[in-house]
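Structure first, then comments.
Note that this is a predicted model, so its numbers are computed, not measured. Just follow the structure's listing: the first ligand is 1, and inside any ligand the first atom is 1. The figures that follow rest on heavy atoms only: side chains count, while hydrogens, waters and symmetry mates do not.
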Amino acid sequence: MTATLRDLGEFELIRAITARFARGRDVLVGPGDDAAVLAAPDARVVVTTDLLLEGRHFRRDWSSGLDVGHKAAAQNLADVAAMGARPTGLFVGFAAPGDLTVDWALALADGLAAECARAGATVAGGDISSADSIMLGVTALGDLEGRAPVLRSGARPGDVVVLAGSLGRAEAGLALLTAGLGQGADAGWAGLVTAHRRPRPPYPLGPALAAAGAHAMCDVSDGLVQDLGHIAAASGMRIDLDLAGLTALAGGAPLRSAAAELGADPLDWVLTGGEDHALVACLPPSAAIPGGCERIGLVLPGTGVTLAGQPTAGRGGWNHFR
Ligand SMILES: Nc1ncnc2c1ncn2[C@@H]1O[C@H](COP(=O)(O)OP(=O)(O)OP(=O)(O)O)[C@@H](O)[C@H]1O
Ligand SMILES: Cc1ncc(C[n+]2csc(CCOP(=O)(O)O)c2C)c(N)n1
Ligand SMILES: [Mg+2]
Ligand SMILES: [Mg+2]
Ligand SMILES: [Mg+2]
């Protein structure tokens with residue numbers, strides 16, 4: 001076959017790769033969700049893994065070792081929370097060039113430790129190698145504490161889509177850095193740059209949304225429309241986003257002024273920006289919406305993600321090969 005990864009795209013590649021793996025008898029939830037659930041010993045443990053690469057996910061001239069540690073932990077701990085689990089432990093594979101300063105490597109460890117502490121977890125192991133650029137492979141575990149895992153496939157018609165955490169801010173910060181306007185930015189824009197460097201997922205709201213009866217949930221790593229598209233596809237549903245609510249999210253002063261400066265649309269950042277690691281969940285209409293969450297849409301029969309009933313085609317999200 002002469003097709004390339006770019007031809008296939010990230011998500012078709014995942015589908016093709018995982019189709020080759022047998023579903024082990026101990027695997028209750030396998031590839032396809034934010035984290036896996038294994039039956040042994042007691043179906044309480046969720047496991048997830050993500051890579052963080054220099055040049056692809058962060059740049060050393062834009063982020064400190066401390067920032068990268070926070071981000072590497074947050075990216076994984078958010079997937080644990082998105083299953084409705086409480087994060088417990090992190091395992092960190094770390095490869096770096098030999099001329100990296102010890103200070104940078106130890107700041108990275110401090111960032112990992114600090115972000116784990118935010119989530120109530122710790123680093124429990126890892127591995128080290130050398131490489132031409134910095135690479136992190138982080139695995140996180142979590143405890144479902146007796147709750148059922150909240151999958152991407154459980155959304156039902158009439159469910160209310162709720163958001164916990166921020167959207168579009170990390171993307172705006174990245175755009176500011178890319179335009180050379182990120183370093184030494186004033187208070188509002190500095191917050192956006194910090195969102196790119198150190199996303200702050202609302203970890204406790206993962207278990208809270210599970211306890212509230214969430215039918216489906218994921219974190220937003222690649223963009224709201226794309227990630228809700230995974231829930232819509234896995235559930236066989238359509239998700240309709242509320243234009244007024246999302247426009248209000250895009251209307252915050254820092255997002256608006258950064259977008260005006262860069263000639264960007266802040267609503268685009270909210271709909272397609274990745275890496276804030278907010279949680280989005282589909283709750284039955286009778287459920288009490290936990291504090292800190294806001295309603296942003298509705299689950300309906302059909303397919304795909306719409307905005308006020310209109311198609312979102314063209315508003316994609318991050319895809320590693322596109
Ligand atoms: N190389 C792979 N082998 C096996 N399973 C994979 C592979 N890559 C991804 N998966 C699985 O595919 C599913 C989707 O992965 P994806 O990385 O898109 O989700 P995510 O980690 O929630 O998002 P992100 O990586 O953008 O933060 C997960 O269940 C993951 O375990
Ligand atoms: C230097 C630099 N350039 C671009 C980006 C943007 N970016 C990279 S990966 C990703 C999606 C989530 O990754 P994954 O799917 O691997 O979890 C996004 C939005 C960045 N963070 N740093
Ligand atoms: Mg995820
Ligand atoms: Mg992943
Ligand atoms: Mg991704």
| query | Asp50: which N/O/S atom is nearest the Mg ion (ligand 4)? | reply | OD1
| field | Residue Asp79, metal the Mg ion (ligand 4), N/O/S under 2.8 Å | value | no
Looking just at side-chain N and O atoms, do [X] and [Y] make a donor-acceptor pair shorter than 3.5 Å?
X	Y	result
His215	Arg156	yes
Glu115	His70	yes
Ser166	Asp276	yes
Ser257	Trp189	yes
Arg238	Thr306	yes

Element-labelled atoms of ligand 2 that are located less than 4.0 Å from some non-hydrogen atom of [X]:
X	answer
Ser221	11 (C), 12 (C)
His320	9 (S), 13 (O), 14 (P), 15 (O), 16 (O)
His57	9 (S), 13 (O), 14 (P), 16 (O), 20 (C), 21 (N), 22 (N)
Arg59	1 (C)
Gly55	1 (C)

| query | If we only count N/O pairs under 3.5 Å, is Asp222 in contact with ligand 2? | reply | yes
| said: I'd like to know if the Mg ion (ligand 5) has an N/O/S atom from Asp222 within less than 2.8 Å of it, counting both backbone and side-chain atoms. | reply: yes
| task | Compare Glu275, His277, Gln75 and give the one whose heavy atom is closest to atom 21 (N) of ligand 2. | result | Glu275
| message | side-chain contact (heavy atoms from CB on, under 4.5 Å) for Asp79 and Met83? Distances and angles first, verdict last. | response | CA-CA 7 Å; Asp79 277 326; Met83 300 301 285; over 6 Å; no
| task | Could you please spell out the steps behind the side-chain contact (heavy atoms from CB on, under 4.5 Å) verdict for Glu145 and Arg44? | result | CA-CA 6 Å; Glu145 301 174 318; Arg44 281 176 57 142; 4.3 Å; yes
| said: Less than 4.0 Å is my threshold; does some heavy atom of Gly317 fall inside it relative to ligand 2? | reply: no
| Which residue supplies the protein heavy atom nearest to atom 2 (C) of ligand 2, what is that atom called, and how far is it? | Arg56 O, 3.4 Å
| said: Looking at every heavy atom in both Gly154 and Ala216, which two are closest together, and how far apart are they? | reply: N-CB, 4.0 Å
